[in-house]
Amino acid sequence: MSSHTTGRRRAHRSVVTGLPLALAAALVATGTAAAAPTGAAKAHVVRTATLADIPLGTFSNALLPGSVADDRGVNLGGIGSDIYPTGRKDEFWTVTDRGPNGQIKVDGQKRRTFPVPGFDPAIVKIRLSGSSVKVLDAIPLTTSSGKAVTGLSNQKSRDEAPYTYDATTLLSYNPNGLDTEGIVRAADGTFWLVDEYGPSLVHVSARGKVLTRYVPEGLNLTGADYPVVEALPSVLLHRKGNRGFEGLALLPGGDLVMALQSPLSLPDAASGDASRTTRLLRFSPKKKAVTAEYAYRFDPVGVVDPGEDDTSELKISSVVALGGDRLLVEERTDKAARLQVVKLSRKADILGGPWDDDTTSPSLEQLDDPAATGVPVLAKRLVVDLGKVSGLPGKIEGVARVDHDTLALINDNDFGMTDGSGAFDAQGRLVDSGIETSVTYVRLPHGI
């Protein structure tokens with residue numbers, strides 16, 4: 001065992017034992033429980049638990065000592081990118097995204113800021129205890145040599161240029177960087193994650209080391225300190241900026257289903273923004289290949305989020321396996337969400353057909369009514385309109401099944417970040433949005 005490996009394991013244990021103790025005073029009960037509504041049965045909140053303030057520097061440096069020199073007053077957040085049951089009551093695996101980030105306009109152009117560039121995405125194990133969310137464990141994502149992957153942009157001209165907190169200084173790109181979103185845990189104890197940059201599917205060891213990153217054919221990602229395999233359809237190279245894979249489900253047989261957050265920008269950005277058709281992909285870990293692809297059709301944006309008229313606000317943030325080939329799919333905007341059930345079938349598979357050819361015109365994304373032109377769009381059934389459930393936070397990105405009647409929902413609080421030059425004060429400290437990370441249990445009167 002190398003001295004570096006030993007150091008990593010010691011740092012990891014400090015989170016398991018020392019970090020929760022050191023932060024015990026901060027983990028106060030700040031959530032509230034909600035009583036069931038009277039009258040006609042309807043979906044309702046039965047429990048809410050909230051993550052208390054944990055300084056991001058304390059959290060990160062306990063995992064990888066010295067990784068964060070200045071957290072600029074940011075607290076741990078962003079763990080609401082996804083949620084997956086551990087198998088123990090009220091315990092879940094969650095995953096952060098790329099870390100605190102925002103946008104500031106400079107000379108009329110938006111710049112992507114990374115206020116804590118040393119932040120390393122992490123898998124975080126949590127437990128609901130009363131009205132508090134407690135951190136039980138945390139696993140940093142690392143490269144083959146044990147270094148932080150970071151959340152920084154990968155490729156110049158393809159990904160957003162990374163800047164300092166005030167958008168004045170350009171940071172270095174990092175081919176190891178991951179904008180992690182969905183998470184599942186396999187039977188062997190390893191994790192699978194999805195990433196928005198590639199977009200990519202990432203296989204991670206039980207201790208957080210990236211084993212393989214699967215990316216679209218033709219991405220040509222070089223310089224990464226872990227294996228990169230071009231195994232996904234090249235059409236995914238047209239993913240919209242900051243809208244790669246976000247949802248991930250583990251089917252009972254071991255296959256994975258990845259959800260593209262938004263329609264592809266095919267043939268151009270305007271077509272993608274106007275489209276309501278995105279894609280799900282099925283991946284076989286045994287074959288290490290995509291085995292099927294499905295067209296998924298969003299409801300009109302005004303149906304998902306009454307009052308919203310911008311179709312580009314539609315996103316898929318979570319997919320959950322329900323048994324067999326059934327999935328629960330979350331359609332959302334930042335303010336509202338609806339959960340649909342779909343069944344994957346061989347007849348709906350479009351993999352390798354004309355819709356994977358980026359020269360096909362019109363593209364799948366340009367079709368006003370794909371089903372009318374013979375595209376086998378997945379049929380869906382509405383389970384619950386979360387916009388009609390009182391007591392829920394905005395920007396719900398993670399969904400997990402607790403039992404037949406209950407769902408666990410988690411929101412992405414963006415680390416308390418907001419966009420614009422006012423995100424930080426004159427001393428470079430965060431002006432927190434006040435939005436907390438919460439896990440909410442919702443009871444469905446008729447189950448799923």
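What you see is a predicted model, and the numbers here were worked out from it, not measured in a lab. Residues: numbered from 1 along the sequence shown.
Of the listed residues (Leu327, Val383, Val329), just one forms a side chain to side chain contact (heavy atoms under 4.5 Å, CB included) with Val341, and that residue is Val383. Between Leu281 and the options Val194, Leu232, Leu236, Leu201, a side chain to side chain contact (heavy atoms under 4.5 Å, CB included) holds for only Leu236. Considering Ile123, Thr180, Leu141 in turn, Ile123 is the only one that fulfils the side chain to side chain contact (heavy atoms under 4.5 Å, CB included) rule with Phe191.
Two rings, from Phe119 and Phe415, have their centers less than 6.0 Å apart. Residues Phe283 and Tyr214 place their aromatic rings such that the two centres sit under 6.0 Å apart.
In this structure Arg88 satisfies the salt bridge (charged side-chain N to carboxylate O under 4.0 Å, His left out) test together with Glu91, sequence neighbours excluded. Take Asp120 and apply the salt bridge (charged side-chain N to carboxylate O under 4.0 Å, His left out) test, not counting sequence neighbours, and it matches no residue. With sequence neighbours excluded, the residues that form a side-chain hydrogen bond (donor to acceptor under 3.5 Å, both in side chains) with Ser438 are Thr50. Under the salt bridge (charged side-chain N to carboxylate O under 4.0 Å, His left out) criterion, Asp273 pairs with Lys240, sequence neighbours left out. With sequence neighbours left out, the side-chain hydrogen bond (donor to acceptor under 3.5 Å, both in side chains) criterion links Glu308 to no other residue. Judged as a salt bridge (charged side-chain N to carboxylate O under 4.0 Å, His left out), and not counting sequence neighbours, the contacts of Asp179 are Arg98. For Glu160, the side-chain hydrogen bond (donor to acceptor under 3.5 Å, both in side chains) partners two or more places apart in sequence, or in a different chain, are Arg112. For Arg158, there are no side-chain hydrogen bond (donor to acceptor under 3.5 Å, both in side chains) partners two or more places apart in sequence or in a different chain.
Between the CG atom in Leu56 and the CD1 atom in Ile54 there is a gap of 10.0 Å [rounded to 0.5 Å]. The distance from atom CG of Leu382 to atom NZ of Lys380, rounded to the nearest 0.5 Å, is 9.0 Å. Remark: Thr86 OG1 to Phe92 CZ distance equals 7.5 Å, nearest 0.5 Å.
Residues Asp71 and Gly57 approach most closely at OD2-N, 2.9 Å, considering heavy atoms. Contact detail for Val210 and Ser144: the closest heavy-atom pair is O-OG, 4.3 Å. When all heavy atoms are compared, the tightest approach of Pro370 to Thr277 is CG-OG1, 3.5 Å. Among all heavy-atom pairs drawn from Gly151 and Pro121, the shortest one is N-CD, 3.9 Å. Between Pro115 and Pro100, the closest heavy-atom pair is CD-O, 3.1 Å. Closest approach of Ser81 and Thr96 over heavy atoms only: OG-C, 3.9 Å.
Donor-acceptor pairing under 3.5 Å is lacking for the side chains of Ser153 and Asp159. No side-chain N or O of Tyr441 forms a donor-acceptor pair with one of Asp403 less than 3.5 Å apart.
Ion pairing between Glu330 and Arg338 fails under the 4.0 Å rule for side-chain N and carboxylate O. Under the 4.0 Å criterion applied to side-chain N and carboxylate O atoms, Lys134 and Asp90 are not assigned as salt-bridge partners. Salt bridge status for Lys343 with Asp325: absent, with no side-chain N to carboxylate O gap under 4.0 Å.
For the ring pair (Phe, Tyr, Trp, His ring centres under 6.0 Å) condition, no pair includes a residue of residues 313-336, sequence neighbours left out. Each salt bridge (charged side-chain N to carboxylate O under 4.0 Å, His left out) pair with one or both residues in residues 362-376, not counting sequence neighbours, appears once here: Arg279-Glu365. Evaluation of the salt bridge (charged side-chain N to carboxylate O under 4.0 Å, His left out) test over residues 184-206, restricted to residues two or more places apart or in two chains, returns Asp195-Arg213.
Environment of CZ in Arg127: sparse, with no more than 12 heavy atoms of neighbouring residues, nucleotides or ligands closer than 6.0 Å.
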Between Asp405 and Arg443, is the salt bridge (charged side-chain N to carboxylate O under 4.0 Å, His left out) condition met? List the steps. CA-CA 6 Å; Asp405 302 309; Arg443 183 73 46 77; 5.8 Å; no

List the steps, then state whether salt bridge (charged side-chain N to carboxylate O under 4.0 Å, His left out) holds for Glu313 with Arg332. CA-CA 8 Å; Glu313 289 296 313; Arg332 75 167 180 90; over 6 Å; no

Full working for salt bridge (charged side-chain N to carboxylate O under 4.0 Å, His left out) between Lys395 and Asp414: CA-CA 9 Å; Lys395 206 177 183 185; Asp414 292 320; 2.9 Å; yes

Taking only distance into account, with no hydrogens and no angle test, what donor-acceptor pairs under 3.5 Å do side-chain atoms of residues 249-266 form with protein atoms, sequence neighbours excluded?
| residue | atom | partner | partner atom | Å |
| --- | --- | --- | --- | --- |
| Asp255 | OD2 | Arg282 | NE | 3.0 |
| Gln261 | NE2 | Glu246 | OE1 | 3.4 |
| Ser262 | OG | Arg243 | NH1 | 2.7 |

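Taking the side chain as every heavy atom from C-beta outward, Asn413 and Asn411 approach each other to under 4.5 Å. Counting heavy atoms from C-beta on, the side chains of Val46 and Val442 never come closer than 4.5 Å.
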